[in-house]
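Scroll down for the structure; my scribbles are underneath it.
Every value quoted in this text rests on a predicted model; they were computed, and no experiment measured them. Each chain gets a letter, A, B and so on, in the order the sequences are listed, and its residues count up from 1.
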Amino acid sequence: MDKPDEIKKTLNIDRPEGDWMESKVEFKKGTYCYGAPLKHQQYLGLPHQREWQPHDPDWKLPENWKEIIIEGMKGILKKNRALKLFMDICVRCGACADKCHFFIGSGDPKNMPVVRAELLRSVYRRYFTLQGRLFRRLAGARDLTVDVLKEWFYYFYQCTECRRCSVYCPYGIDTCEITMAARELLNLVGCNIQWIVEPASNCYRTGNHLGVPPHAFKETLGFALDEIRDITGINIEAPINKKGAEVLFVAPSADYFASPHWYTLLGYLMLFHEIGLDYTWSAYASEGGNFGLFHSTELAKRLNAKIYEEAKRLKVKWILGGECGHMWRVIHQYMDTMNGPADFLEVPVSPITGTRFEHARSTKMIHIAEFTADLIQNNKLNLDKSRNDKWIITFHDSCNPARSMGLLEEPRFIIKNTCNHFYEMPENTIREKTFCCGSGAGLGADENLEMRLKGGMPRAMAVKYVKEKYGVNMLACMCAIDKAALPAVLDYWVSGVEVCGVHELVGNALVMKGEKKRETNLRGEPLE
Amino acid sequence: MKVILPFFLVIAIVFFIYGGIKFYDAHIILGIIIPYVCFAVAIVGFVARVIKWAISPVPFNITTVCGQQKSLPFIRHSFIESPASRTGVFIRMLFETLFFRSLSRNDRAELYGNERRLIYGRDRYLWLASILFHWSLLIIVLRHLRFFLEPVPHWILFLQDLDSLFQSHLTPFYISNVLISMGILYLFFRRFKKRNYYISLPSDYFILFLIGGIIISGILLRHIYRADLYSVKVFLYGLIYLNPVPFGGFGVMFYIHFCLICILLAYLPYSKLMHMAGVFLSPTRNIRNDSRARRHINPWNYPVKVHSYEEWEKEFKDALKEAGIPQEGGNG
Ligand code: HEM
Ligand code: HEM
Ligand code: SF4
Ligand code: SF4
Ligand code: SF4
């Protein structure tokens, strides 16, 4: 891939050429994800199983693939008002066009949310509307052909379902919904990607995306406890599958297997110990994230079911969730509907402050940022901000917590109480207008790196701005995929800015009872 | 192509009406049959479409949240942008439909200068033009009610005075006419900017030409080819009370204005103009952001295959034992 400056020089976001109804996609290496391996398709029992790759000329589609798709579309339209409405009412005003990070970063006009949606809409018009049947191209209708299908695959796996376009659309048309529908359709004829199906299959079997079996899960938590002992001199426990605990804690599995997520995990463990929370991890529900969401609502439900099932079995009172983006989309907007009602649980009450979390009274699960912000507000934590002085921090709102939950102030409140230096990025790139990292919705595959880096460009440019203006050297965020994706994105576009979780900052600042003098921060770097 | 074709289509329609009246005296077709047919198509189509939307379920709460959620008492929650109550949703929808709130957020991504810095400039023109266009349209349609109501209500007369800034001569021009023309001209010309041209379909231009034609013919009707407003009223009452009078009393311009409107009405249910109804039903805007406080019901929720705890425990029995993780049947 070219140097950042080269890419920026040739980037064209104002003057697209050609006609979106024409043109075939070219599967250029670096800009698409590989097909799902047969083994995992089989494990999940997905439709039309086979080995295949998007760059194969022959996709080995089922013979009646067209009927399957059109029947499928009919079904989805019947089941979902949003989709039907969004198919009908777009006025092509173009307000959403330059709001998508993939369009800004790649300049590919079919990455404008409105055109992405038109790819599906044109087929909808052709088979489901009168004017489309009569006037075809003139009415913006297209026949469903293999080329169209390939184009769907290419562009609907170039949308991170981040919902930024929906904020700007005068009717709230949410291209995420359209992408979800298109992916469900593609799945019906067996076109799905490894980076989604494999984690989903792992999660279905072992309980987490990485396929970590229970003993290894316990082992890594053990490593974390050792590290905490080295840093603080305190012995901590991390109960697993403990029946009768008050709280079940569920975090994305990357937190205990990837970096820089790891330091966030240390932060959680230290916090729970310090406040004496009666909680448990689960090795069965050892994943908060849900790659099923990027595949189909059915798969999302199949994976998500474990959380309630486990809470019921362990007889906990309520559930606490870690830092993750799409995990919280599922928990906030889907879990209760899919797998509820959670009438075997109680309304979450913080055992330390007594605060009743009324806003989660039905789902009975709260976000750790809500929990910690409440602790801080009630002065239950002894925090030494100076331990984070090394860092000049900015905060990246992860799309899902921002636009699907409205979790905007809690993390900022925590950061301001744990750090001395905090600066916001430009207003158009934060809170509900936040830019995606470019790797969400299952697109974080290595083979897709070029596209991800381009998609991450708008976020990175905003970071660059605060870096140059305030000397920012740390980007805090609350999403497992962000933590995995942004280091590479920032390295490429900005360099010199690291990525951390919010609870890493808490772990650093937390003054624990009986701790030894801290020599290093959680990353093992000497404190100044 | 995208532009020329719809342009000539509208021109052809106008000629068709012109010729019909001028050479064939087709008052019955243009003055009776077309309005009734178009009106019937419009009503049936509109109602059918809205019913289709309304009966399809909303399986999940998919609010697009644009502000701070309601959570902890010490954090100020954004009452409108992240509504947790019905009142909040109501106000949010009011802002959306009356003031195009979301459109007013618009900005423009630009690569600026030699360094090609990515910046976001303000871009309120689309919003402004849309507001001008839609509000003027509303005022014009309201003023038109004077052709349909007898006696003409006072507020319409007042609106009329207001709209003409109380000019005293006989046929004052209306401010709304100027504003709607400015609005639609902007909306039209912006569709030629490369990016908007790329996303536009012929139908987008067609609607603008059609509405443009209505506006032009309306203005001509008022200021140049005057129509006798009394006969207009008689004519409309005839249609409304199903006692149509084919009427030759007014000129071609009236028929052009009138038939273009009929065509717009008939086309409306099959076009993007349905946004006027759809905007109220959009699930990303009209649901409360309270999905953790109140369970949203999915009417087609169905049981799915899951990997149950028992199956899982069986599969990992040895690993669990080795690690000393408690099991259901004890660790024996
Ligand atoms: C509740 C009523 C309505 C609302 C909230 C509404 C809202 C909007 C909004 C937000 C836009 C997008 C901005 C733009 O492109 O101008 C739009 C576009 C448009 N509206 Fe409406 N509208 C309503 C009713 C109508 C009616 C009754 C008509 C005409 C018969 C109409 C005709 C149009 C047209 C032609 C466009 C596209 C303009 C373009 O080509 O850019 N709208 N409307
Ligand atoms: C059945 C429906 C309609 C009838 C019978 C009708 C008739 C007329 C008549 C008789 C005039 C001349 C008024 C005068 O001399 O003061 C006029 C003007 C006008 N009409 Fe219509 N019209 C109809 C619907 C519409 C609609 C839907 C629009 C908008 C899209 C529209 C836009 C205009 C405009 C812009 C004028 C210029 C003067 C003014 O603003 O009042 N008309 N119309
Ligand atoms: S902002 Fe909404 S209405 Fe406008 S083009 Fe985009 S999706 Fe369509
Ligand atoms: S949801 Fe996000 S990635 Fe998808 S089209 Fe909209 S802005 Fe682009
Ligand atoms: S990975 Fe993070 S930034 Fe990207 S879509 Fe998910 S929540 Fe958004």
Check this for me: does any side-chain nitrogen of one of [X] and [Y] sit under 4.0 Å from a carboxylate oxygen of the other?
{"X": "A:K243", "Y": "B:E328", "value": "yes"}
{"X": "B:D107", "Y": "A:K433", "value": "no"}
{"X": "B:E81", "Y": "A:R431", "value": "no"}

Quiz item: How far does CD1 of B:I75 sit from CD of A:E409, to the nearest 0.5 angstrom?
Solution: 6.5 Å

Chain B heavy atoms under 4.5 Å from [X]: which part of the residue, side chain, backbone, both or neither?
{"X": "A:L130", "answer": "neither"}
{"X": "A:F217", "answer": "neither"}
{"X": "A:K78", "answer": "backbone"}
{"X": "A:R329", "answer": "side chain"}
{"X": "A:V115", "answer": "side chain"}
{"X": "A:E370", "answer": "both"}
{"X": "A:S404", "answer": "backbone"}
{"X": "A:K306", "answer": "side chain"}

Practice problem: Would you indicate whether the side-chain heavy atoms of B:S291 and A:Q333 approach each other to under 4.5 Å? | Solution: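 Result yes, sub-4.5 Å side-chain heavy-atom pair found.
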
Quiz item: Do A:Y284 and B:E313 have a side chain donor and acceptor closer than 3.5 Å?
Solution: no

Quiz item: Given the side-chain rings of A:F435 and B:Y120, with only the six-membered ring counted for Trp, is the space between their centroids under 6.0 Å?
Solution: yes

